Amino acid sequence: YYHPERKIIVSIHVDDPLVMTCSKEDEDWFHNKLSEFYDVKQVKRLTVGNPIDYLSVRIQLHPDGSLTLDNKDKIDEFLTQHGMQNCNPVSRPLSKEDLMTMVNNASEVLPASGIKKYQGIMGDGNWLVQTTHPTLAPATSILAGFSKAPPDTSTPVTQHYLRFLQHAKHFALVKSP
């Protein structure tokens, strides 16, 4: 939504709004109008030292005026979900050698439970690619190609991928002032 007179920009996904205004007065006006028609939650303002969560992405304002968007908490959640919360990080998500080893040494497809876990890891990776970690796109895309029938040799590769997430969880998209 865009309000042309007040220059208010609003992005809403289900019940998660993000509102940008030029002044506190416009922000208060918008929230008052919204509360006339809906039950609204407490207003959270992005300020230095007070990050906000929008669609599970942490947005932070820094003293120099820069903004960062990260998914550290979500990555920690993913790692815990996959039993890798204390894994040692690695600095690359996938190498040609990793992929070749997986493909060349495969003898059968993972069992149903393994396929479901593999697909879950790829789903988590795709979500990160679409939100804050575009550098994961090549590895995620290649590995997602095996989602229908991941080989029995894919477990070391997905563990390596998760170890890269441990390394990359501190990465952020940055908007300079």
Side-chain angles (χ1 to χ4, degrees), residues 1-87 89 91-94 116-144 147 158 161-177:
Y1 168 79
Y2 177 70
H3 190 286
E5 290 87 34
R6 293 182 179 263
K7 296 183 174 62
I8 298 172
I9 300 171
V10 181
S11 171
I12 299 177
H13 182 77
V14 185
D15 65 345
D16 208 354
L18 185 63
V19 181
M20 188 171 84
T21 64
C22 294
S23 69
K24 171 102 169 65
E25 176 187 332
D26 287 339
E27 180 182 1
D28 290 340
W29 175 87
F30 176 80
H31 287 291
N32 287 335
K33 286 291 186 188
L34 199 60
S35 66
E36 289 177 14
F37 300 97
Y38 303 101
D39 290 329
V40 294
K41 299 176 189 175
Q42 168 190 349
V43 175
K44 296 179 185 172
R45 289 182 177 84
L46 177 62
T47 58
V48 173
N50 185 37
I52 60 172
D53 179 284
Y54 181 64
L55 304 176
S56 297
V57 174
R58 181 174 58 174
I59 304 172
Q60 296 183 88
L61 177 63
H62 300 276
D64 66 356
S66 64
L67 291 171
T68 56
L69 286 77
D70 73 74
N71 268 314
K72 181 192 175 303
D73 293 342
K74 200 68 168 172
I75 291 173
D76 282 335
E77 182 182 315
F78 293 158
L79 291 170
T80 299
Q81 178 183 343
H82 297 295
M84 298 285 286
Q85 66 273 14
N86 297 316
C87 68
S91 60
R92 60 176 173 77
L94 180 67
K116 184 174 180 176
K117 181 173 181 167
Y118 186 95
Q119 291 171 342
I121 293 168
M122 292 305 98
D124 294 344
N126 263 323
W127 187 81
L128 290 168
V129 166
Q130 298 301 317
T131 55
T132 58
H133 285 73
T135 57
L136 283 172
T140 304
S141 178
I142 290 166
L143 293 175
S147 288
T158 55
Y161 181 87
L162 291 168
R163 291 176 60 208
F164 177 76
L165 291 184
Q166 182 76 281
H167 167 75
K169 69 184 179 182
H170 299 290
F171 293 2
L173 298 176
V174 178
K175 163 76 172 76
S176 299

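Positions are given from 1 along the sequence. Given the structure is predicted, the values throughout are model-derived calculations rather than measurements.
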Derivation and outcome, side-chain contact (heavy atoms from CB on, under 4.5 Å), residues Tyr161 and Leu94
CA-CA 7 Å; Tyr161 181 87; Leu94 180 67; 5.8 Å; no
For Cys87 and Gln166, the nearest pair of non-hydrogen atoms, with its separation, is O-NE2, 3.2 Å
Correct closest heavy-atom pair for His13 and Tyr54 would be N-OH, 4.0 Å
Would Ile12 and Leu18 satisfy side-chain contact (heavy atoms from CB on, under 4.5 Å), going step by step from the backbone distance to the final call? CA-CA 6 Å; Ile12 299 177; Leu18 185 63; over 6 Å; no
Residues Leu136 and Pro93: closest non-hydrogen pair is CD2-CB, 4.3 Å
One should read off an interatomic distance between His3 NE2 and Ile9 CD1, to the nearest 0.5 angstrom, of 12.5 Å
inquiry  = Would you say OH of Tyr1 has more than 12 non-hydrogen atoms from neighbouring residues, nucleotides or ligands within 6.0 angstrom?
reply    = yes
So CD of Glu27 and CG of Asn32: to nearest 0.5 Å the spacing works out to 10.5 Å
Smallest heavy-atom separation, Leu61 atom then Leu46 atom, equals N-CD1, 3.7 Å
Interatomic distance, CG@Leu69 vs OG1@Thr132, rounded to 0.5 Å, equals 7.5 Å
| message | Strictly below 4.0 Å, N to O, side chains only: are Lys169 and Asp76 in salt-bridge contact? | response | yes
On a heavy-atom basis, the closest approach of Asn50 and Arg45 is ND2-O, 2.7 Å
Taken to the nearest 0.5 Å, the spacing of Lys117 NZ from Gln81 CD works out to 9.5 Å
Beyond-backbone contact of Asp28 with Asp26, side-chain heavy atoms, under 4.5 angstrom: no
Check the angle between the aromatic planes of His167 and Phe164 and answer parallel, tilted or perpendicular using the 30° and 60° thresholds.
-> tilted
Notebook entry, point to check: If you measure from the Lys or Arg side-chain nitrogens to the Asp or Glu carboxylate oxygens, is any gap between Asp53 and Lys72 under 4.0 Å?
Noted result: no
Between Pro51 and Gln60 the two heavy atoms that sit nearest each other are CB-CG, 3.6 Å
- Given Met122 and Leu143, is the side-chain contact (heavy atoms from CB on, under 4.5 Å) satisfied, shown in steps? CA-CA 7 Å; Met122 292 305 98; Leu143 293 175; 3.4 Å; yes
### Message
When you measure from the side chain of Thr140 to the backbone of Ala137, do you find a donor-acceptor pair of N or O atoms at a distance under 3.5 Å?
### Response
no
CG (Asp16) and OG (Ser56) are apart, to the nearest 0.5 Å, by 8.0 Å
Requested in this report: State, with a plain yes or no, whether a side-chain heavy atom of Phe171 is found less than 4.5 Å away from one of Asn71.
Outcome: no
- Hey, does Leu67 have a side-chain heavy atom less than 4.5 Å from the side chain of His62? no
TODO: Inspect the surroundings of OH in Tyr2 and state if more than 12 heavy atoms from other residues, nucleotides or ligands are less than 6.0 Å away.
DONE: yes
Should the pair Glu77-Lys74 be classified as a salt bridge under the 4.0 Å nitrogen-to-oxygen rule?
yes
Distance col, row Ile75:CD1 vs Gln85:CD, nearest 0.5 angstrom, shows 14.5 Å
If you draw a 6.0 Å radius around CD in Glu25, do more than 12 non-hydrogen atoms from other residues or ligands fall strictly inside? no
query = Going through the checks in order, is the side-chain contact (heavy atoms from CB on, under 4.5 Å) test met by Phe78 and Leu128?
reply = CA-CA 10 Å; Phe78 293 158; Leu128 290 168; 3.9 Å; yes
**Asked** With distance as the sole test, does Ser141 use its side chain to make a donor-acceptor pair with the main-chain N or O of Pro138 at under 3.5 Å?
**Response** no
